[in-house]
Amino acid sequence: MTTIGFIGTGIMGVPMAGHLLDGGHSVVTTTHRTPPAKELLDKGIKVATNARQVAEQSEVVIVMVPDTPQVESVLFGENSVAGGLSAGKLVIDMSSISPIETQIFAKKINDLGCDYLDAPVSGGEVGAKAASLTIMVGGTEAAFQRANPIFSLMGKNITLVGENGAGQITKVANQIVVALNIEAVAEALVFASKAGADPSKVRQALMGGLASSRILEVHGERMINRTFEPGFRIELHQKDLNLALQGAKTLGVSLPNTATAQELFNSCAANGGSGWDHSGMVRALELMANHKVAGES
């Protein structure tokens, strides 16, 4: 079994690291924002003082933190992963960050004689707990084959998309699709509810037709039941759509509906919703309609 460093045991990271422990691997972590969860300590996770020590003690290091600056700090800051690496180790960034910065990070790690994979995920907390995440990977075939047994403990749809950065590009595309689907479900439920139909019955009916989707199933239910605890926080989806819109500007591509979805997230954030689950986008539409899909619980 492999000794795996895992930095970033938050909402997603806790179950992901737990699956690695359940799979028989030795896992080492360190405090990033909060100490490791009790459930990980109970499973035998080891705790190092800092990221450098995590890297020193591990053959593979996984990073799962919120944004590009945090990844850069974990990899290259004071007492960082880079300082604890030796030739032949593998670094896997499973965060969702800038594709351009990812390519820079990969080169720096490669220059130390180590492999690097960008492997962002989709599926949210539900997928992390169920070990059913979609994992989008950028890097070499050899590094991917080395990591694949580890990925298979955390996810089911695992794809090597291309070279370093390709995983992050795919994740940005994923977040565009997810945001626009959330917006469509939210609009439909606000319309149906204000028109006098029972939104739960409308959702049930739509689940049997062409409009059926995972977003309608999971996030539509959240909108009706008013369960907006994350999940996946709006502020993180804002970050991802910002990457999409910045990239679109650089490429000369228009993403009009992505921009609209971002403005709806911005409205939620302006009303105290940065920490809501991204299904909470419905609240921005409810404000404009002066009507809630369902009563608050």
Side-chain angles (χ1 to χ4, degrees), residues 11-12 66-68 95-98 120-127 168-197 199-200 202-203 206-207 210-251 253-297:
I11 290 173
M12 300 282 289
D67 202 351
T68 307
S95 319
S96 298
I97 67 167
S98 163
V121 302
S122 179
E125 183 182 12
V126 172
Q168 297 295 353
I169 291 169
T170 307
K171 179 58 188 289
V172 171
N174 178 85
Q175 295 302 81
I176 293 172
V177 173
V178 170
L180 269 58
N181 271 273
I182 291 173
E183 199 277 339
V185 169
E187 276 198 20
L189 292 181
V190 168
F191 167 79
S193 177
K194 189 156 189 178
S200 62
V202 170
R203 173 181 164 277
L206 295 179
M207 284 297 298
L210 191 59
S212 178
S213 70
R214 184 69 172 154
I215 297 295
L216 178 63
E217 178 187 359
V218 176
H219 291 72
E221 185 175 46
R222 281 178 171 268
M223 294 171 194
I224 293 165
N225 293 339
R226 319 307 287 174
T227 50
F228 297 122
E229 302 82 9
F232 187 78
R233 298 192 303 276
I234 280 176
E235 62 187 344
L236 294 180
H237 212 141
Q238 286 179 291
K239 176 259 299 182
D240 292 338
L241 294 192
N242 190 46
L243 292 174
L245 294 168
Q246 287 177 338
K249 182 177 180 181
T250 301
L251 294 168
V253 174
S254 177
L255 302 177
N257 291 324
T258 301
T260 298
Q262 182 74 310
E263 287 302 323
L264 292 170
F265 281 140
N266 291 345
S267 175
C268 291
N271 285 277
S274 294
W276 298 340
D277 183 79
H278 54 174
S279 60
M281 180 196 282
V282 70
R283 285 175 156 170
L285 293 165
E286 289 171 341
L287 282 170
M288 288 188 283
N290 193 29
H291 177 83
K292 292 179 180 178
V293 167
E296 295 288 347
S297 60

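FYI, side chains are in, hydrogens and waters are out, and symmetry mates aren't considered; it's all heavy atoms of this structure. No experiment lies behind these values; they were computed from the predicted model shown.
Interatomic distance, H237 NE2 to E235 CD, rounded to the nearest 0.5 Å: 13.0 Å. In this structure, the separation between OG on S200 and CD on E221 is 10.0 Å, given to the nearest 0.5 Å. For the atom pair CD1 (I234) and SG (C268), the distance works out to 4.0 Å, reported to the nearest 0.5 Å. Distance check: L206 CG to L189 CG gives 7.5 Å after rounding to the nearest 0.5 Å. Here the CZ-CZ distance, from F228 to R222, works out to 9.0 Å after rounding to the nearest 0.5 Å. Taken from NE2 in H219 to CD1 in I182, the straight-line distance is 4.5 Å, to the nearest 0.5 Å.
Of the possible donor and acceptor atoms, none in the side chain of D277 sits under 3.5 Å from a partner among the backbone N and O of R233. Side chain of R203 to backbone of L216: a donor-acceptor contact under 3.5 angstrom is found. With hydrogens and angles ignored, the 3.5 Å screen pairs no side-chain donor or acceptor of E286 with any backbone N or O of V190. The backbone N or O of S98 sits less than 3.5 Å from a side-chain atom of T68, completing a donor-acceptor pair. A distance-only check finds no donor-acceptor pair linking the side chain of R283 to the backbone of K292 [under 3.5 Å]. With hydrogens and angles ignored, the 3.5 Å screen pairs no side-chain donor or acceptor of K239 with any backbone N or O of D67.
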Show which side-chain atoms of residues 255-265 pair as donor or acceptor with protein atoms under 3.5 Å away, not counting sequence neighbours.
unit_1 : atom_1 : unit_2 : atom_2 : d
T260   : OG1    : P256   : O      : 3.2
Q262   : NE2    : Q238   : O      : 2.9

In residues 170-180, what donor-acceptor pairs under 3.5 Å come from side-chain atoms, sequence neighbours left out?
unit_1 : atom_1 : unit_2 : atom_2 : d
T170   : OG1    : A166   : O      : 2.8
K171   : NZ     : S96    : OG     : 2.6
K171   : NZ     : V121   : O      : 2.8
N174   : OD1    : S122   : OG     : 3.4
N174   : ND2    : S122   : OG     : 3.2
Q175   : NE2    : D240   : OD2    : 2.9

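The two atoms that bring G231 and E125 nearest to each other are N-OE1, 3.1 Å, heavy atoms only.
Between R214 and E217 there is a salt bridge, with a side-chain nitrogen of the basic residue lying less than 4.0 Å from a carboxylate oxygen of the acidic one.
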